[in-house]
K.L.:
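Below is a structure I'd like to ask you about.
Start at 1 and go down the list; that is how both ligands and their atoms are numbered. For reference, positions follow the sequence shown, starting with 1. Computed from a predicted model, the values in this text were never measured in an experiment.
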Amino acid sequence: MKVLVINCSPVRTGATAEIVKIVSDELSGKYNVKTACIDDYEFSFCKGCRSCHTTAECIQHDDVDILMNEFEEADVIIAVSPSYWADVPGQFKAFIDRCTPWCNTHEPHKTLTSGKKGYAIALRTGPNIAECNRIIGTIEHFYGHLEVECCGSLGLTSIEYKNDLKPRKQEIKDFCKTV
Ligand SMILES: Cc1cc2nc3c(=O)[nH]c(=O)nc-3n(C[C@H](O)[C@H](O)[C@H](O)COP(=O)(O)O)c2cc1C
């Protein structure tokens, strides 16, 4: 089984990247794991033109196609997102917007192969879990419209830098057992 673990943060060495590494190391024994960082991809914002509502194609062709190909290759997608102003980072939100050709609310639309499972991990510096749940909600809303089954989530509060994750490593490993 193929697993794609995505760092939804543009920071390649931060706490989100560390969680991606822990998850990837933990699942590599069982699955074929690939990691990606949203900042590895260059793409433009959605123009809101709605051409894709009638053509199922975007008028722009850039790295969104490459990242969506990684989604297509995977059986399991795990999105790991920090809170940036109480939501996913803008780079990841821009990617979600550009996935409108795959959104199941209009016909025609592109489709991913069915049967994919999706997981969400959210982290933040503040102490309140509600903000993590909001981010998980954003990711699960995205999965829902791609018809990726939402199978589990984890929220981690009081995390700013990767060192803050040291006492939380077991919690992340336990979450991996559910994947
Ligand atoms: C631009 C920006 C906005 C942030 N906004 C919030 C926020 O609204 N709430 C919060 O708890 N943490 C916020 N944080 C802190 C991050 O969620 C936290 O440091 C996380 O561990 C960052 O992971 P990263 O360095 O891997 O991107 C923000 C960080 C940045 C850079």
K.L.:
Does any donor atom in the side chain of Asn69 or Glu73 lie under 3.5 Å from an acceptor atom in the other side chain?
P.N.:
no
K.L.:
Would you say the side-chain atoms of Glu147 and Ser114 include a donor-acceptor pair closer than 3.5 Å?
P.N.:
no
K.L.:
Hey, what do you get for CG (Asp164) to OG1 (Thr125), rounding to the nearest 0.5 Å?
P.N.:
7.5 Å
K.L.:
So which protein heavy atom does atom 22 (C) of ligand 1 come closest to, and at what separation?
P.N.:
Pro82 CB, 3.7 Å
K.L.:
Does a sphere of radius 6.0 Å around CD in Glu107 hold more than 12 heavy atoms from other residues, nucleotides or ligands, not counting ones at 6.0 Å or beyond?
P.N.:
yes
K.L.:
Check whether any N or O atom of Gly126, backbone or side chain, sits under 3.5 Å from an N or O atom of ligand 1, and answer yes or no.
P.N.:
yes
K.L.:
Distance to 0.1 Å, residue and atom name: give those for the protein heavy atom nearest to atom 18 (C) of ligand 1.
P.N.:
Thr125 OG1, 3.3 Å
K.L.:
Of all the non-hydrogen atoms in the protein, which one sits nearest to atom 8 (O) of ligand 1, and at what distance?
P.N.:
Ala86 N, 3.0 Å
K.L.:
With a 4.5 Å limit on heavy-atom distance, are the side chains of Cys99 and Met68 in contact?
P.N.:
yes
K.L.:
If you have a sec, work out which protein heavy atom is nearest atom 10 (C) of ligand 1 and how many Å separate them, to one decimal?
P.N.:
Glu131 OE2, 3.4 Å
K.L.:
Take Tyr119 and Ile139 through the side-chain contact (heavy atoms from CB on, under 4.5 Å) test and state the conclusion after the steps.
P.N.:
CA-CA 9 Å; Tyr119 295 82; Ile139 294 167; over 6 Å; no
K.L.:
Does Tyr84, backbone or side chain, put an N or O under 3.5 Å from an N or O of ligand 1?
P.N.:
yes
K.L.:
Who pairs with Phe92 by ring pair (Phe, Tyr, Trp, His ring centres under 6.0 Å), at least two apart in sequence or on another chain?
P.N.:
Phe95
K.L.:
How far is atom 11 (O) of ligand 1 from its nearest protein heavy atom, and which residue and atom is that?
P.N.:
Arg124 NE, 2.7 Å
K.L.:
Judged by modelled atom types alone, do Asn104 and His109 share a side-chain donor-acceptor pair under 3.5 Å?
P.N.:
no
K.L.:
For atom 14 (N) of ligand 1, what is the nearest protein heavy atom, given as residue, atom name and distance?
P.N.:
Ser83 O, 3.1 Å
K.L.:
What protein heavy atom lies closest to atom 5 (N) of ligand 1? Include the residue and the distance to one decimal.
P.N.:
Trp85 N, 2.8 Å
K.L.:
Which protein non-hydrogen atom lies closest to atom 26 (O) of ligand 1, naming both residue and atom, and how far is it?
P.N.:
Thr16 OG1, 2.7 Å
K.L.:
For ligand 1, is there an N or O atom under 3.5 Å from any N or O atom of Ile159?
P.N.:
yes
K.L.:
Within the 4.0 Å heavy-atom shell around Leu123, which atoms of ligand 1 are there?
P.N.:
17 (O), 20 (C), 21 (O)
K.L.:
Taking distance alone, with N or O pairs closer than 3.5 Å, would you say Gly14 contacts ligand 1?
P.N.:
no
